[in-house]
Amino acid sequence: QVQLVESGGGLVQAGGSLRLSCAASARTFSSYAMGWFRQAPGKEREFVAAINWSGSRTSYADSVKGRFTISRDIANNTVYLQMNSLKPEDTAVYYCAASIYPYVRVGVHEYEYWGQGTQVTVSS
């Protein structure tokens with residue numbers, strides 16, 4: 001069983017930055033691919049970014065490419081999402097997810113473990 005705990009959400013003005021963190025409990029954290037997803041009110045959960053087991057491969061949704069960066073600290077069992085140049089349309093609950101497969105995965109149904117989510121609100 002993997003437990004994921006997100007932190008770092010909050011309220012920020014458009015153009016600002018936030019860094020989300022996701023702490024994982026698993027001793028085998030380094031073998032999991034990790035992802036960030038988000039869900040706005042009335043919308044389906046959507047892919048934001050993903051990283052493979054070693055951190056050597058990443059993938060981003062087109063809507064965040066060039067603004068968001070995913071990274072992982074294997075020694076501390078933590079994955080990060082640095083969000084810059086935030087826009088009001090980035091407002092959502094952001095979820096961290098873990099996949100038992102080590103390679104980059106972008107589908108919601110490809111992840112077995114999920115955190116509880118953290119709210120990000122971007123004001124205009």
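For this chain, numbers begin at 1 and follow the sequence in order. Note: hydrogens, waters and symmetry copies are ignored here, and every other heavy atom, side chains too, is used. Computed from a predicted structure; not experimentally measured.
Smallest separation of non-hydrogen atoms from Val12 and Leu86: CG1-CD1, 3.6 Å. Summarising the geometry of Ser59 relative to Val104, their closest heavy-atom pair is CB-CG1, 3.6 Å, with the distance given to 0.1 Å. The minimum heavy-atom distance between Leu4 and Ala24, with the atom names listed, is CD2-CB, 3.6 Å. Here the closest heavy-atom approach between residue Pro88 and residue Ser124 is recorded as CG-CB, 3.8 Å. Minimum heavy-atom separation, Val48 to Leu81: CG1-CD2, 4.1 Å. Nearest heavy atom pair, residue Phe47 against residue Val106, reads CB-O, 3.4 Å.
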For residues 67-74, dump all side-chain donor-acceptor pairs below 3.5 Å to protein atoms at least two apart in sequence or in another chain.
unit_1	atom_1	unit_2	atom_2	d
Arg67	NH1	Ser85	O	3.0
Arg67	NH1	Asp90	OD2	2.8
Arg67	NH2	Ser63	O	2.8
Arg67	NH2	Asp90	OD1	3.0
Arg67	NH2	Asp90	OD2	3.4
Arg72	NH1	Tyr32	O	2.7
Arg72	NH1	Asn52	O	2.7
Arg72	NH2	Phe29	O	2.9
Arg72	NH2	Tyr32	O	3.1
Asp73	OD1	Ala75	N	3.2
Asp73	OD1	Asn76	N	3.3
Asp73	OD2	Asn76	ND2	2.7

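Around atom NZ of Lys43, no more than 12 heavy atoms belonging to other residues, nucleotides or ligands sit under 6.0 Å away. Within a 6.0 Å radius of CD in Gln119, other residues, nucleotides and ligands contribute more than 12 heavy atoms.
Here the OG atom belonging to Ser17 is positioned 8.5 Å from the CE atom belonging to Met83, to the nearest 0.5 angstrom. Taking CD of Gln3 as the start and OH of Tyr113 as the end, the distance is 11.0 Å to the nearest 0.5 Å. Within the model, atoms CG of Asn77 and OG of Ser25 stand 8.0 Å from one another, a figure rounded to the nearest 0.5 Å.
In the hydrophobic cluster analysis, where Ile, Leu, Val, Met, Phe, Trp and Tyr join through side-chain heavy atoms closer than 4.5 angstrom, Val5 is grouped apart from Val120. Residues Tyr60 and Val122 fall within the same hydrophobic cluster, defined by Ile, Leu, Val, Met, Phe, Trp and Tyr side chains chained together at heavy-atom separations under 4.5 Å. No continuous path of hydrophobic side-chain contacts links Trp53 to Val2 [ILVMFWY only; heavy atoms under 4.5 Å].
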Exercise for the section: Check the pair Glu6, Ser21 against side-chain contact (heavy atoms from CB on, under 4.5 Å), reporting the backbone distance first and the verdict last. Expected result: CA-CA 6 Å; Glu6 302 100 333; Ser21 299; over 6 Å; no
Handout entry: Arg45 and Tyr95: CA distance, side-chain angles, deciding distance, side-chain contact (heavy atoms from CB on, under 4.5 Å) verdict
Key = CA-CA 9 Å; Arg45 192 168 298 189; Tyr95 296 91; 3.4 Å; yes
Exercise for the section: Start with the C-alpha gap between Trp114 and Phe37, add the side-chain angles, then the distance that decides, and say whether ring pair (Phe, Tyr, Trp, His ring centres under 6.0 Å) holds. Expected result: CA-CA 10 Å; Trp114 293 84; Phe37 291 77; 5.0 Å; yes
Problem - Chi angles and distances behind the side-chain contact (heavy atoms from CB on, under 4.5 Å) call for Met34, Cys96 - result: CA-CA 7 Å; Met34 301 295 295; Cys96 173; 3.6 Å; yes
Practice task
Under the side-chain contact (heavy atoms from CB on, under 4.5 Å) rule, what do Val93 and Thr118 come out as? Steps first, then yes or no, please.
Solution key: CA-CA 5 Å; Val93 177; Thr118 185; over 6 Å; no
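Cation-pi geometry between Arg105 and Tyr111 is not met: the NZ or CZ atom fails to fall both under 6.0 Å from the ring centre and inside 45° of the normal. For the pair Arg19 and Tyr80, the cation-pi criterion (under 6.0 Å, within 45° of the ring axis) is fulfilled.
Donor-acceptor pairing under 3.5 Å is recorded for the side chains of Tyr94 and Arg38.
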